[in-house]
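First comes the structure, then the notes that go with it.
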Amino acid sequence: MNIFRLAGDMTHLASVLVLLLKIHTIKSCAGVSLKTQELYAIVFATRYLDIFTSFYSIYNTLMKLIFLGSSFSIVWYMRYHKTVRRTYDREQDTFRHWFLVLPCLLLALLIHEKFTFLEVLWTFSLYLEAVAILPQLVLLQRTRNIDNLTGQYVFLLGGYRGFYILNWIYRYLTEPHFVHWITWIAGLVQTLLYADFFYYYFQSWKNNKKLQLPA
Amino acid sequence: WPSSSSKDEL
């Protein structure tokens with residue numbers, strides 16, 4: 001464990017807590033993409049399959065349970081909670097996210113480190129996580145008024161993978177044979193997808209204006 | 001070579 005990975009995990013945890021806070025306290029998911037939440041639930045379900053077979057540390061297992069629990073409960077809230085589901089803008093959240101799942105699965109079947117069931121699904125989760133934010137970014141561009149909590153959620157979610165990139169550089173420099181091109185490229189693509197959001201987020205923060213993405 | 005795993009990451 002290094003400071004970059006810890007910062008990444010804490011940023012990721014913060015993003016999930018901000019979203020749960022928003023949904024649980026103000027009982028609203030306005031501006032939040034259910035498609036992205038469903039993709040993230042699939043990402044964690046396929047990434048953490050080894051939770052029962054391999055144990056790294058209490059921290060590792062605990063965080064996996066938190067990410068699994070929070071992502072599935074957010075999907076449950078947005079689909080079935082009587083008050084929250086009414087605030088979900090179904091008409092705007094129309095990204096065909098299943099069109100993201102299939103190519104990621106095919107790519108994982110083609111490019112992976114080992115051709116085993118767990119490894120292919122784990123690689124699939126890396127590819128899927130890289131593009132999972134797309135429905136949310138599209139939704140943000142459609143809904144003009146982005147409330148602070150949703151903006152902070154996306155900002156923290158984008159930031160965590162950036163810390164992971166620093167973690168991979170650190171591990172590459174300090175651990176012999178730590179080379180994982182698939183993880184690195186997927187993580188880089190994921191972070192780059194946030195580039196324009198980050199630009200507009202900082203602009204709104206600097207000029208103390210409401211966050212508005214260009215249509 | 002034995003590549004040190006990244007599976008210990010979240």
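Keep in mind that this is a model prediction, so the values were computed, not measured. Order of the sequence lines fixes the chain letters, A, B, ..., with proteins taken first and strands second; residue numbering starts at 1 for each chain.
Applying the ring-ring contact (aromatic ring centres under 6.0 Å, His included) test to A/H112 and every residue at least two apart in sequence or in another chain returns A/F115.
Heavy atoms from other residues, nucleotides or ligands lying under 6.0 Å from CZ of A/F55 number more than 12. Within 6.0 Å of atom CZ in A/F198, more than 12 heavy atoms from other residues, nucleotides or ligands are found, so the atom counts as buried in its surroundings. The 12-atom threshold is exceeded at OH of A/Y59, counting heavy atoms of other residues, nucleotides or ligands nearer than 6.0 Å. The 12-atom threshold is not exceeded at CD1 of A/I58, counting heavy atoms of other residues, nucleotides or ligands nearer than 6.0 Å. Heavy atoms of other residues, nucleotides or ligands lying less than 6.0 angstrom from CH2 of A/W205 number 12 at most.
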TODO: Would you check, one step at a time, whether the test side chain to side chain contact (heavy atoms under 4.5 Å, CB included) holds for A/W122 with B/S6?
DONE: CA-CA 11 Å; A/W122 184 81; B/S6 63; 3.5 Å; yes
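The interface of residues 15-26 of chain A with chain B, defined by heavy-atom distances below 4.5 Å, is empty.
The part of A/Y48 that comes within reach of chain B is its side chain, from C-beta onward, which places non-hydrogen atoms under 4.5 angstrom from that chain.
You'll find the side chain of B/L10 reaches within 4.5 Å of the side chain of A/K64, heavy atoms only.
A donor and an acceptor atom, one from each side chain of A/N60 and B/E9, are nowhere located under 3.5 Å apart.
Note on A/E119 versus B/K7: salt bridge recorded, some NZ/NE/NH1/NH2 to OD/OE distance being below 4.0 Å.
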